[in-house]
**Q** 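Got a structure here, written out as structure tokens. Questions coming.
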Amino acid sequence: MEEKMSGIVLGGVSFGENDKILNLFTLEKGVLSAKIKGVKKAGAKLKFASQPFCFAEFIFTKRGENRTVINASLIDSFYPLREDLVKYFCAGSVVEFVKRFYREAIVSADTFLLTVDALKTIAYEDGKAKSTLVQFLVSALKVAGFALNLSGCAKCVGDIEGRVYFDYRSGAFLCESCFDGTGREISFLTFSALQKAENGNLEEDDPGTVKALKLLEYYIEYRTDEKLNSLKEMLKIIG
């Protein structure tokens with residue numbers, strides 16, 4: 001039995017002398033694993049299809065629950081990701097989010113499209129890597145059921161101006177008048193950057209962009225018990 005699916009390589013591990021087991025995020029069937037043979041040999045025809053971030057149309061054979069890649073047509077390799085350290089770690093954070101939040105056979109067309117769009121922007125549009133990552137995480141967390149409530153104060157439903165407080169347990173933001181001791185104060189620049197990210201207009205040089213990434217890293221770990229190691233490493237690089 002043969003199957004054809006569009007997928008992104010999230011990673012892979014060596015298997016035997018020349019083969020790999022790929023971890024793929026597919027549009028049609030979510031995350032799945034598949035063997036790909038001979039790709040560690042020099043000049044292997046399908047070597048490109050085993051590389052991280054590779055976006056391709058894959059053809060598989062399937063026996064029971066086991067899949068083997070027998071052919072692939074490249075859609076995009078996102079090659080510039082390999083030439084810039086910040087781009088590389090931002091893209092790594094995107095695919096790591098998928099690996100952490102989507103198990104085998106969980107289908108999410110919305111997250112798949114968000115992932116492709118984020119990798120494309122990070123790879124090909126200079127000066128947008130960090131802001132794109134913020135926008136991806138805000139959107140992907142919402143799809144995954146861990147949305148930040150960025151509409152305003154979660155209690156009085158008014159606009160927040162001045163001091164801002166964040167409840168990491170619920171993803172809610174509070175104004176100074178409604179703060180009851182739950183959560184902690186954050187920079188207004190952080191809150192503003194997250195709101196801009198939700199609306200798709202956050203700029204790379206916004207003074208809250210890096211602050212927003214730091215909050216998102218902490219929120220993801222605190223709320224979901226998942227760690228994005230690529231995001232942690234990237235924040236070390238940029239300080």
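Since the model is a prediction, treat every value here as computed from it, not as a measurement.
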**Q** Between S151 and N149, is any side-chain donor less than 3.5 angstrom from a side-chain acceptor?
**A**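 Side chains of S151 and N149: pair found under 3.5 Å.
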**Q** Can you see whether S230 engages E96 through a side-chain donor-acceptor pair at a distance of less than 3.5 angstrom?
**A**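 Yes, E96 and S230 have a side-chain donor paired with an acceptor closer than 3.5 Å.
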**Q** For K41 and E17, run salt bridge (Lys or Arg N to Asp or Glu O under 4.0 Å): C-alpha distance rounded to whole Å, both residues' side-chain angles, the deciding distance at 0.1 Å, then the answer.
**A** CA-CA 9 Å; K41 295 179 181 177; E17 284 191 23; over 6 Å; no
**Q** Rounded at 0.5 Å granularity, tell me how far CD1 in I8 sits from CG in L10.
**A**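 One gets 7.0 Å once the value is rounded to the nearest 0.5 Å.
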**Q** Please report the interatomic distance NZ(K62) to CZ(R67), rounded to the nearest 0.5 Å.
**A**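 Going from NZ on K62 over to CZ on R67, the span is 4.0 Å.
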**Q** Do the charged groups of K4 and E28 touch, with an N to O distance under 4.0 Å?
**A**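 Answer for the salt bridge query: no.
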**Q** Show your reasoning for whether ring-ring contact (aromatic ring centres under 6.0 Å, His included) applies to F53 and F55.
**A** CA-CA 6 Å; F53 311 120; F55 178 28; over 10 Å; no
**Q** For K37 and T68, test the side chains for any donor-to-acceptor distance below 3.5 angstrom and give the result as yes or no.
**A**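 No pair is found: no donor N or O on one side chain lies under 3.5 Å from an acceptor on the other.
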**Q** Under 6.0 Å from the six-membered ring centre of Y218 and within 45° of its axis: does the NZ or CZ of R184 meet both?
**A**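 The answer is yes, since R184 meets both limits relative to Y218.
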**Q** Quick one: pull up CG in L216 and CG in L231 and give me the separation to the nearest 0.5 Å.
**A**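 Rounded to the nearest 0.5 Å, the CG-CG separation comes to 7.5 Å.
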**Q** Distance only, no hydrogens: is a donor on one side chain within 3.5 Å (strictly under) of an acceptor on the other, for S131 and E204?
**A**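 Side chains of S131 and E204: pair found under 3.5 Å.
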**Q** Got a salt bridge between D19 and K40, using NZ or NE/NH1/NH2 to carboxylate O under 4.0 Å?
**A**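 Salt bridge flag = no for K40 with D19.
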**Q** Could you check whether E233 pairs with K227 (Lys NZ or Arg NE/NH1/NH2 to Asp/Glu carboxylate O, under 4.0 Å)?
**A**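 Salt bridge absent between E233 and K227.
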**Q** Please verify the inter-ring angle class for F78 with Y124; under 30° counts as parallel, over 60° as perpendicular, anything in between as tilted.
**A**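 Tilted, since the angle between the ring planes falls between 30° and 60°.
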**Q** Quiz question: by atom type and distance under 3.5 Å, do the side chains of S170 and D167 form a donor-acceptor pair?
**A**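 Yes, a side-chain donor-acceptor pair sits under 3.5 Å.
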**Q** Dump the intermediate steps for ring-ring contact (aromatic ring centres under 6.0 Å, His included) on F166 and Y219, then the final yes or no.
**A** CA-CA 10 Å; F166 183 50; Y219 173 66; 5.7 Å; yes
